[in-house]
K.L.:
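Quick one: the structure is below, and I'll ask about it shortly.
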Amino acid sequence: MILAYQIAHYVFLVLDYFPYVLFVYILMSWFPGAYETTFGRFLAKICEPVLAPFRRIIPPIGGVLDLSPIIAFFAIRMATFGLQYLVYNYLLPLFF
C-alpha cells in the first residue's frame, strides 16, 4: 500500500523537476559549444526525445525561433496535473 504511494510520489517528483532540466537545456543554446560538453550530451539524451515530437508538429518560425519547448512545457504541466488528479483521486484510494 505504501509502496504505491511512494512510486507515485517519485514519478511526480521527476515530472515536477523535468521542466527545469528542459529550461537549462534550452538556455545552453545561448552558449557556443555547450551542447558538446558531457553535461550537454547528457541533457540532450533526456530532453531531445521529449522535444522531437513537438518539433515535427511545430516548425521553427522564420527558420530560427523554435516554439516547441514552450509547447512542451505546457504539455508536461497539463499531463502532470491530469495524472496527479487521476492517481490521487482514483488509483491510490483503491489501495487505502
K.L.:
For residues 72-96, which side-chain donor-acceptor pairs fall under 3.5 Å, sequence neighbours excluded?
P.N.:
| residue | atom | partner | partner atom | Å |
| --- | --- | --- | --- | --- |
| R77 | NH1 | D16 | OD1 | 3.3 |
| T80 | OG1 | I76 | O | 2.7 |
| N89 | ND2 | Y85 | O | 3.2 |

K.L.:
Would you give me the side-chain donor-acceptor pairs under 3.5 Å for residues 36-61, sequence neighbours excluded?
P.N.:
| residue | atom | partner | partner atom | Å |
| --- | --- | --- | --- | --- |
| T37 | OG1 | A34 | O | 2.8 |
| T37 | OG1 | G40 | N | 3.0 |
| R41 | NH1 | E36 | O | 2.4 |
| E48 | OE1 | R55 | NH1 | 2.7 |
| E48 | OE2 | Y25 | OH | 2.6 |
| E48 | OE2 | R55 | NH1 | 3.0 |
| R55 | NE | D66 | OD2 | 2.8 |
| R55 | NH2 | D66 | OD2 | 3.4 |

K.L.:
State yes or no: do L15 and V21 share one hydrophobic cluster built from I, L, V, M, F, W and Y residues joined by side-chain heavy-atom distances below 4.5 Å, directly or via other members?
P.N.:
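Not linked; separate clusters.
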
K.L.:
With ILVMFWY side chains joined below 4.5 Å, transitively, what does Y10's cluster contain besides itself?
P.N.:
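Y10 shares its hydrophobic cluster with L13, Y17, Y20.
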
K.L.:
Per the salt bridge (charged side-chain N to carboxylate O under 4.0 Å, His left out) rule, what does the pair list look like for residues 80-96, sequence neighbours excluded?
P.N.:
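For residues 80-96: none.
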
K.L.:
Rounded to the nearest 0.5 Å, what separation is found between the CG atom of L3 and the CD1 atom of I7?
P.N.:
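Those atoms lie 4.0 Å apart.
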
K.L.:
With sequence neighbours left out, which residue pairs that include part of residues 20-33 fulfil the salt bridge (charged side-chain N to carboxylate O under 4.0 Å, His left out) condition?
P.N.:
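Found none.
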
K.L.:
Among residues two or more places apart or on two chains, list those pairs meeting salt bridge (charged side-chain N to carboxylate O under 4.0 Å, His left out) that have a residue in residues 87-96.
P.N.:
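Non-adjacent pairs meeting salt bridge (charged side-chain N to carboxylate O under 4.0 Å, His left out): zero.
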
K.L.:
Nearest 0.5 angstrom please: S68 OG to I26 CD1, how far?
P.N.:
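Spacing of OG (S68) from CD1 (I26) equals 7.5 Å.
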
K.L.:
With salt bridge (charged side-chain N to carboxylate O under 4.0 Å, His left out) as the rule and sequence neighbours excluded, what pairs involving residues 87-96 come up?
P.N.:
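Listed once each, the pairs would be none.
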
